Amino acid sequence: MNPTPYPLGKLPLDISTHGAGIDQLIVYIHIFMAILFVGWGIYFLYCLFAFRERAGHTPQLEEKHFSLPKYVEVGVVLVEVVLLVFFSSPVWGSYKNDFPDRNEALVIRVVSEQFAWNMHYPGKDGKFGKTSPQLMDGTNPVGLDRESENGRDDIVTINNLFVPINRPVIIDLTSKDVIHSFFLPVARVKQDAVPGMEIPIHFQVTQTGEYEIACAQLCGVGHYRMRGQFIVKTPEEYATWMTEQEVELANELGDAPPAETAPAAEATPAAAPAAESNSEEEGK
Amino acid sequence: MSLIPYIDHEHPVTGVTNAKFGIWLFLASEVMLFGALFSTYIILRTGATVWPHGYEVLNIPMGTLNTAILITSSVTIVLAWAALKMRQLPKFKLYMGLTCLLSLIFLVIKYFEYAAKFHHGYYPATNTYFAIYFVITGLHGLHIIGGIVVNAYLLGPGSKMYATEPERFTGRVECAGLYWHFVDLVWIFVFPILYLL
Amino acid sequence: MSSHDSPEEIKKAVKLYIGIFVALLFLTLVTVGVSYIHLSVGKAVALALFVASIKASLVALFFMHLKDERKIIYATIGLTGVLFVFLMSISMYL
Amino acid sequence: MSASHGHAASHDEQIKHTLEHWAHEPFWKKYIFSIDHKVIGLQYAICSMVFLLIGFGMMLLMRWQLAYPNQPLPLIGGILGESLFPGGVMSPDTYNQLGAMHGTIMIFLGVVPLSVGGFGNYLLPIQVGAHDMAFPKLNMASFWVFFIGGMIMMFSFLAPGGAAASGWTSYPPLSVTAQNAQSYWLVGMVFLITSSLLGSVNTIVTAIQLRVRGLSFMRWPVLVWAQVITAFLLLLAFPPLEAAGVLQLMDRLAGTSFFMPSGLVVSGEVLQVSGGGNPILWQHLFWFLAHPEVYVLILPAVGIVGEIIATNTRKPLYGYRTLVYSMLFLGFTSFIVWAHHMFMTGMGTTLSSFFQATTMIISIPSVIVLTTYLLTLWGASIRYTVPMLFALAFLPMFAIGGLTGLPLGLTASDIHLHDTYYVIGHFHYVVAPGTLFALMAGVYHWYPKVTGRMFNETLGKIHFWGSIVSINFIFMPMLLMGMMGVSRRLYDQTVYAHGAAGQSYNLVMSWGAWALAIFQIPFIWNLIVSLKKGKVVTEENPWGGTTLEWATPTPPPHTNFLHEVEVFRDPYQYSPNRNLLPQFVKE
Ligand code: HEA
Ligand code: HEA
Ligand code: CUA
Ligand SMILES: [Cu+2]
């Protein structure tokens, strides 16, 4: 087997495309911190020893001026500026802003609740059906209206987030009750899920495996067990899984099983590219 | 008697008495208190889908009357202080009495306004507009009540101090006045944002 | 404030207070009157806050004697003013 | 001084008169509803130390659950009752209650009242040469309002549904929908805030108005500076939280929706509220207070450490002015960094850039403060008293805590570290081996002055070495566990694979915490027993300090000073021949 994705006392395995920048920043800033701490620490220990009170030792009372510390302080400022401008801001900027094309990417709605993660896939047509709070209940966690225009083929899973590798993923994150925080340790993704807001995030992963979704915001008694599975598959496996879901759903709703190839007849032009990219991957 | 200096005369460097400096610091914190509420007001309003115009749901004539009353009470209290400065205790009592009376009238009108709201089924829980309306006016009302207590004290038992330490007493009245003006000042903003806009 | 202690000064001040009082009442009527015209939201807000600020300044400057106060009071108010702006800036973030 | 007693000569008379009068006051007026700032200071100090102990006790229970998840708590588990500890095992809800209350108690009932209420009240008037606070009755009121607030917090455990369990941050909607004593928490906070406001007005007026002749601002001891800046932070940052507390109370009790958006569905039911509110608004109002609050936690500690370092290095503080300006800058800037706690709430890049930048900027004055202290050590003659050991330990510990703030302040690294144990490690390094050590240093340093007895040196050293070692075993693993991505506020982290991978750290931390508890026994023992058995201290200035508290008789009488005092020079001056040039000695 692979070595554990969670080595003791270290950053976990990183399977995302943007995570390297974050890890690099974390490593660099800790090196910087260590240098400051050890540098001052050596000076500190030296002082503690050399200037201890003892017979014949007198303190130096005249005002002294040191210029080295000034340079150190200026150095600290410079390093902070560099880290901020060249390491933190670019990574953060692309994390927040450089969204992939919604038509290319796999778009998933994630609706958090006490204490579960509900994943809402748009299904074959690439479009989400209508949802409403009134429809939410135990069997319909995201409040999906199956009768709404694009709702019939939507796939909903609980606590299992399936994504393929090497394809941008966009998650529209929201919550139906309290604030949660959607945390994928191995993908360096974290975003609060705030009720009343739908916040998009994006990432892309490169390595298959079964990982975890953690809740990072206190959300009640079950906060500690609000664990989800983050299942990363190859595109083929992912497509197979998706087809399984579709078949299952069709059986459940009593519809005809979905045809092997998309797009569905009623797909609007906007949805077509997404559907195409789906079928492309299926073809691989 | 006291070992604490600058109770009844100004500190030579800062130029203020302890009490006056203290009351200004207190008012500074009050600014931040109401500032947070005004911030909340803006956020709720910009985020709201429907926001009733004050004039649709509130009683503007009553609000205007209350504004006038509060402004008048601000004048009477400053006149009360001026009377003390001129060492005219009876005049002080007259103006301070007026101030208390006016503030009570303010509360009575406020009571009728609240009662009318409840009568129409408007409660804090109705929508965010009424939520912030009741909180701001309610908190302001509590400040009025606090002011009445202090002013009534200075009018009644507190005024005994005038006989022994007139300077110190005048200082106290000035501080009470500063507080009262501040309460008035808050209302000057509350009135347009809740009633008129 | 010792400079204003003399009875004449106080008498003068009293006249001023009455003047301010009239101005405040007048401005109140102005805002209320304008509110009946139903201006567009932007204009109404700007005007109402403008008038309110004038009224507040009058109260602060004259009734609260801020017109000639001590440095330390100005400093306190100045600091509070700046922090108040920070606090109000919250409303821009949401 | 006061107009009716024009002459300075009569001042001493007046002191005598006041002391005689005080001697005849009944016990309750002298020691319970007292207006003497020293008595009030001690009331604050004792209460807050008991609260610290209670808060620590709660954490000791929680540490059992963390180290040995779901195993019954030995011995005490059964006693604590089926509702909180079913089958002797702490329930998740109990864990959340204890966690929220640990944070609340430690900060608002422990550290702040001790450093501001205790040290501030006791020392600040003396250090400026005053006979009492400017408003003694207000001072008494602020203590009792604090006391009521504390009691409300404590009794909230008995309320139906238990104590508040939404974290010390009380984020809505969770805190609003919670069926527990969150409302008590809010009311308690309103009391505590009111108490702080009264106290800070008093502190500022006392420090500025009651300065004795010759004590210009730039001659204030650093502790006075620290307390005054702290008081301004409390004065101007607390009211927004008071307002927010009222709003949350309205949401809970009056059904308003200040923090409640529309369309909430809680356990399958659509919540019947009008909606239209904004949960993020609470976070802004909360952190607008709570970031300045963390500097409230550190600044008095910085002041105490400054006093002790100056006294025990036997030389002037390096760069006193720089230090003062840095603290002023720190205080001011602390008002514009609050949103660094909220990077993950969905904030845009413009705003987060601003708050990242301010957060980096605010680290600079902290670096300068530490640097001045470190440079003071150069060429010193360091006397290793117990308080000095704690004060010295403060420096590297605060450095670790402060430095670990930097990765949190940069948005990119905060993505991974936010709300993990890294944050817990960061701030515990600043508040526990930082502030708490500084406070312990202060307790030892002024113990002889306050009680007239010397503490036991050996017990003090055992306390020090035991604490410094064990406390690092608690908080260092937290930083590492945070790196692994383990979330905070987890009742049982082994539910997660990455949590289980780090579980061994929990054993280290818990045993570290229990060891730390054991090493507090000599401390408490020392404080109590030395009251009776300690060597009597009669001299005014046992440590050779230079500030005004060392001019008072030991222990200080009701009026603090028996004669009028005056200040002649900057603090922390030493002359080669006398080795000591106190502020109050004319030469
Ligand atoms: C006393 C309290 C205190 C202090 C002083 C600080 C200081 C700082 N804090 Fe901290 N912080 C908290 C208490 C404190 N903090 C608390 C309680 C929380 C969590 C709240 C919660 O969520 O529950 C928190 C959380 C917190 C966050 C949010 C993290 C998150 O939730 O994701 C951030 C982010 O920017 C942050 C940053 C900083 C920074 C940059 C400083 C800077 O001011 C630090 C500057 C100091 C230095 C840079 C040190 C300089 C060192 C040297 C010069 C070396 C000298 C060497 C030797 C002596 C050997 N803090
Ligand atoms: C000032 C603040 C402060 C202090 C000092 C401490 C001190 C300690 N804290 Fe705490 N802690 C917080 C503030 C503080 N904490 C906050 C805000 C949180 C977040 C809560 C939340 O999630 O909402 C937290 C959370 C927190 C957690 C995480 C819980 C979780 O996320 O699930 C843990 C875990 O171990 C912990 C441990 C400890 C320990 C072991 C100490 C030890 O260092 C304790 C040491 C205490 C002493 C050594 C007592 C000293 C006093 C005396 C000895 C007095 C003597 C008495 C007499 C003479 C009468 N704390
Ligand atoms: Cu959901 Cu924590
Ligand atoms: Cu902060």
Side-chain angles (χ1 to χ4, degrees), chain B residues 9-11 13-16 20-21 24-25 27-29 31-32 34-36 38-47 53-55 60-61 63-64 67-68 71-72 74-79 81-83 85-87 174 177-178 180-182 184-186 188-193 195-197, chain C residues 1-2 4-7 9-11 13-14 17-18 20-22 24-25 27-29 31-32 34-36 38 41 44-45 47-49 51-60 62-66 69-73 76-77 79-81 83-94:
Chain B
H9 64 285
E10 286 107 11
H11 188 286
V13 179
T14 61
V16 291
K20 187 156 166 194
F21 189 23
W24 272 107
L25 289 169
L27 293 185
S29 83
V31 168
M32 300 304 276
F34 282 101
F38 288 143
S39 235
T40 304
Y41 165 85
I42 300 175
I43 287 164
L44 291 179
R45 179 165 188 172
T46 50
H53 284 287
Y55 51 74
I60 298 214
T64 313
T67 310
I71 290 175
T72 315
S74 230
V75 180
T76 53
I77 202 169
V78 79
L79 292 178
W81 168 78
K85 272 281 183 196
M86 294 189 284
R87 297 287 182 268
E174 185 181 5
L178 285 171
W180 194 252
H181 298 312
F182 177 80
D184 182 19
L185 202 147
V186 169
I188 286 178
F189 284 100
V190 169
F191 176 57
I193 65 170
Y195 285 75
L196 303 181
L197 291 177
Chain C
M1 278 138 289
S2 25
H4 292 266
D5 272 1
S6 67
E9 291 281 348
I10 299 282
K11 276 198 189 109
V14 167
Y17 296 147
I18 304 290
I20 304 287
F21 172 53
V22 174
L24 287 172
L25 286 185
L27 287 172
T28 306
L29 290 180
T31 14
V32 175
V34 167
S35 80
Y36 280 102
H38 301 332
V41 176
V45 170
L47 192 70
L49 287 187
V51 177
S53 309
I54 296 182
K55 287 164 72 182
S57 315
L58 288 177
V59 172
F62 297 102
F63 290 175
M64 301 171 89
H65 317 303
L66 268 188
E69 207 22 288
R70 305 294 171 172
K71 250 198 347 233
I72 193 150
I73 305 289
T76 308
I77 296 172
L79 175 67
T80 313
L83 299 183
F84 179 78
V85 172
F86 295 159
L87 179 59
M88 294 306 283
S89 74
I90 288 180
S91 53
M92 299 177 344
Y93 303 156
L94 287 171

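All figures in this text were calculated on a predicted structure; none of them were measured in a lab. The figures that follow rest on heavy atoms only: side chains count, while hydrogens, waters and symmetry mates do not. Chain naming here is simple, since letters A, B, ... match the order of the sequence lines and numbering starts at 1 in each.
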Counting only heavy atoms closer than 4.5 Å, note whether [X] contacts chain C via side chain, backbone, both or neither.
X	value
L44(B)	neither
T14(B)	both
T72(B)	both
L27(B)	side chain

Practice problem: Kindly indicate whether the side chain of F63(C), heavy atoms from C-beta on, has any atom under 4.5 Å from the side chain of L24(C). | Solution: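 Touching, per the 4.5 Å side-chain cut-off.
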Portion of [X] that has a non-hydrogen atom of chain B nearer than 4.5 angstrom:
X	value
I73(C)	side chain
A13(C)	neither
L83(C)	both
T31(C)	both
L66(C)	side chain
K55(C)	both
I18(C)	side chain

Self-check item: Plane angle bin for H65(C) and Y17(C) - parallel if under 30°, tilted between 30 and 60°, otherwise perpendicular
Solution: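 If you compare the ring of Y17(C) with that of H65(C), the planes turn out tilted.
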Practice problem: Count the heavy-atom pairs under 4.5 Å between each of S74(B), A83(B), S29(B) and chain C, then report the option with the highest count. | Solution: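 Option with the greatest count: S74(B).
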Self-check item: Winner by heavy-atom pair count (cut-off under 4.5 Å) against chain C, out of F21(B), F38(B), F191(B)
Solution: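 If we count pairs closer than 4.5 Å to chain C, F21(B) comes out on top.
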Practice problem: Could you grab the distance from atom CZ of R45(B) to atom CG of L197(B), nearest 0.5 Å is fine? | Solution: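 Those atoms lie 6.0 Å apart.
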Exercise. To the nearest 0.5 Å, tell me how far D184(B) CG sits from I71(B) CD1.
Key: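 Rounded to the nearest 0.5 Å, the CG-CD1 separation comes to 6.0 Å.
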Practice problem: Locate the shortest heavy-atom distance separating G177(B) from I77(B); write the atom from each residue and the value. | Solution: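 Heavy-atom minimum between the residues: CA-CD1, 3.8 Å.
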Quiz prompt | Exam field: side chain R70(C) to backbone V16(B), donor-acceptor pair closer than 3.5 Å | solution =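 Flag not set: sc R70(C) to bb V16(B) has no pair under 3.5 Å.
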Exercise. Determine yes or no for a side-chain-to-main-chain donor-acceptor pair under 3.5 angstrom, with S39(B) supplying the side chain and L87(C) the backbone.
Key: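 Here the side-chain-to-backbone pair exists.
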Quiz item: Sequence neighbours excluded, which residues qualify as side chain to side chain contact (heavy atoms under 4.5 Å, CB included) partners of F62(C)?
Solution: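 For F62(C) the side chain to side chain contact (heavy atoms under 4.5 Å, CB included) partners, ignoring immediate neighbours, are L16(C), I20(C), L58(C), K67(C).
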Quiz prompt | Those residues that, when tested against I42(B), pass side chain to side chain contact (heavy atoms under 4.5 Å, CB included) (two or more places apart) | solution =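 Listed in chain order: T46(B), M88(C), S91(C).
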